[in-house]
Amino acid sequence: GQQLNQSPQSMFIQEGEDVSMNCTSSSIFNTWLWYKQDPGEGPVLLIALYKAGELTSNGRLTAQFGITRKDSFLNISASIPSDVGIYFCAGRIARAGTASKLTFGTGTRLQVTL
Amino acid sequence: GAGVSQSPRYKVAKRGQDVALRCDPISGHVSLFWYQQALGQGPEFLTYFQNEAQLDKSGLPSDRFFAERPEGSVSTLKIQRTQQEDSAVYLCASSQPRDRGSETQYFGPGTRLLVL
């Protein structure tokens with residue numbers, strides 16, 4: 001099945017550093033989402049974006065919906081050890097009043113060193 | 001319960017065995033999804049239910065995979081004659097559709113299937 005391209009695949013950063021990761025698709029989505037997955041758990045939603053060009057923040061996280069509707073990026077500022085995990089982007093063609101499947105990216109594994 | 005639960009959490013099967021994976025969605029959630037996550041990959045869509053109706057099964061990899069949700073709540077994903085390539089984490093998610101298409105899918109912890 002289709003998977004979106006995420007980069008980088010993995011990152012090793014020091015506590016306090018800022019992190020950037022992005023996601024690209026060959027097809028258009030009208031909703032972009034960013035999830036975090038911890039070992040042995042399911043993905044947890046971090047940020048949702050619903051409009052091209054939209055910039056949304058959630059605490060130290062900031063994400064943008066690309067104007068072409070084929071890409072998105074996620075920034076994490078001042079990283080802390082609990083930011084460790086795998087970050088996934090996901091695209092969706094959302095329709096009012098009904099649910100729709102997610103197409104996930106390949107994931108970015110984040111390691112934070114003290 | 002407060003979240004999506006799945007059972008069993010771990011399953012080891014011999015090649016050729018049938019397995020059944022259970023998902024208990026958040027109470028009242030209309031929509032239920034199954035995803036398959038291979039090692040080191042992102043989840044991939046398998047199938048989608050709205051209440052008891054299976055509206056999309058385009059992601060099921062073969063006719064050995066079958067899912068049901070007979071009463072519109074609990075769902076079971078069944079894999080017949082398991083093969084080694086079926087080894088993966090099987091994730092269930094539930095959601096409640098919103099007017100603007102902004103529903104949030106809440107994921108369970110997954111069932112880790114290993115086929116030997």
Side-chain angles (χ1 to χ4, degrees), chain A residues 1-10 21 23-25 27 29-51 54 56 58 65 69 72 74 85-109, chain B residues 3-6 9-10 23-26 29-51 53-62 65 69 88-112:
Chain A
Q2 178 192 12
Q3 292 225 314
L4 309 179
N5 295 316
Q6 270 186 258
S7 63
Q9 275 190 319
S10 62
M21 60 190 78
C23 186
T24 59
S25 169
S27 52
F29 295 105
N30 63 11
T31 302
W32 280 92
L33 307 122
W34 285 90
Y35 283 83
K36 179 173 182 272
Q37 187 174 28
D38 292 327
E41 300 297 328
V44 175
L45 182 65
L46 299 174
I47 286 184
L49 303 152
Y50 302 107
K51 200 162 73 169
E54 180 181 357
T56 296
N58 178 9
F65 189 146
R69 294 189 287 164
S72 178
L74 176 70
I86 304 176
Y87 291 78
F88 290 101
C89 62
R92 182 174 72 200
I93 301 295
R95 299 177 182 86
T98 186
S100 47
K101 67 182 180 185
L102 300 175
T103 301
F104 280 87
T106 48
T108 294
R109 182 181 298 272
Chain B
V4 178
S5 60
Q6 294 186 244
R9 291 294 308 273
Y10 302 92
C23 172
D24 284 82
I26 293 172
H29 274 192
V30 166
S31 302
L32 186 145
F33 295 81
W34 284 98
Y35 293 85
Q36 180 191 58
Q37 186 173 24
L39 189 64
Q41 300 294 315
E44 291 195 29
F45 169 78
L46 292 176
T47 187
Y48 158 55
F49 290 86
Q50 185 167 309
N51 295 306
Q54 190 174 17
L55 299 187
D56 187 349
K57 53 182 181 179
S58 61
L60 296 176
S62 77
F65 287 70
R69 195 186 185 199
V89 175
Y90 291 85
L91 294 164
C92 175
S94 71
S95 70
Q96 194 71 324
R98 302 284 182 208
D99 288 343
R100 59 182 286 223
S102 60
E103 100 279 4
T104 296
Q105 291 184 25
Y106 296 91
F107 283 82
T111 294
R112 277 146 189 79

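Quick note on labels: first sequence line is chain A, next is B, and so on, each numbered from 1. Quantities reported herein were computed from a predicted structural model and do not represent experimental measurements. These values consider heavy atoms only, across backbone and side chains, with no hydrogens, waters or symmetry-generated copies.
Both the backbone and the side chain of A:A99 come within contact range of chain B, judged by heavy atoms closer than 4.5 Å. B:S58 touches chain A through its side chain: at least one heavy atom from C-beta onward sits under 4.5 Å away, while N, CA, C and O do not. Using a 4.5 Å cut-off between heavy atoms, A:Q37 contacts chain B through its side chain alone, with no backbone atom that close. For A:L45, the part lying under 4.5 angstrom from a heavy atom of chain B is the side chain only.
Listed by sequence position, B:L91, B:S95 are the residues of residues 89-96 of chain B in contact with chain A, using a 4.5 angstrom heavy-atom cutoff.
Considering only heavy-atom pairs separated by less than 4.5 Å from chain B, the leading option among A:Q9, A:E41, A:K101 is A:K101. Ranked by heavy-atom pairs shorter than 4.5 Å toward chain B, the options A:G105, A:A48, A:G40, A:G107 are led by A:G40. For the set B:P43, B:G108, B:P61, B:G110, the entry with the most heavy-atom pairs within less than 4.5 Å of chain A is B:P43.
When the side chain to side chain contact (heavy atoms under 4.5 Å, CB included) test is applied to A:I47, the partners found at least two apart in sequence or on another chain are A:L49, A:T56, A:N58, A:L61, A:A63, A:L74. For B:Q41, the side-chain hydrogen bond (donor to acceptor under 3.5 Å, both in side chains) criterion is met by no residue, not counting sequence neighbours. For the salt bridge (charged side-chain N to carboxylate O under 4.0 Å, His left out) test, residues two or more places apart in sequence or in another chain that qualify with A:K36 are A:D38.
Annotation for B:Y106: atom OH does not count as buried by contact number, only 12 or fewer foreign heavy atoms lying within 6.0 Å. For B:R112, the CZ atom counts as densely surrounded, since its 6.0 Å shell holds more than 12 non-hydrogen atoms of other residues, nucleotides or ligands.
Without hydrogens or angle criteria, B:E44 side chain to A:F104 main chain gives no donor-acceptor distance under 3.5 Å.
Within the 4.5 Å cutoff, no side-chain heavy atoms of B:F33 are placed close to those of A:L102.
Taking OH of A:Y35 as the start and CZ of B:F107 as the end, the distance is 5.0 Å to the nearest 0.5 Å.
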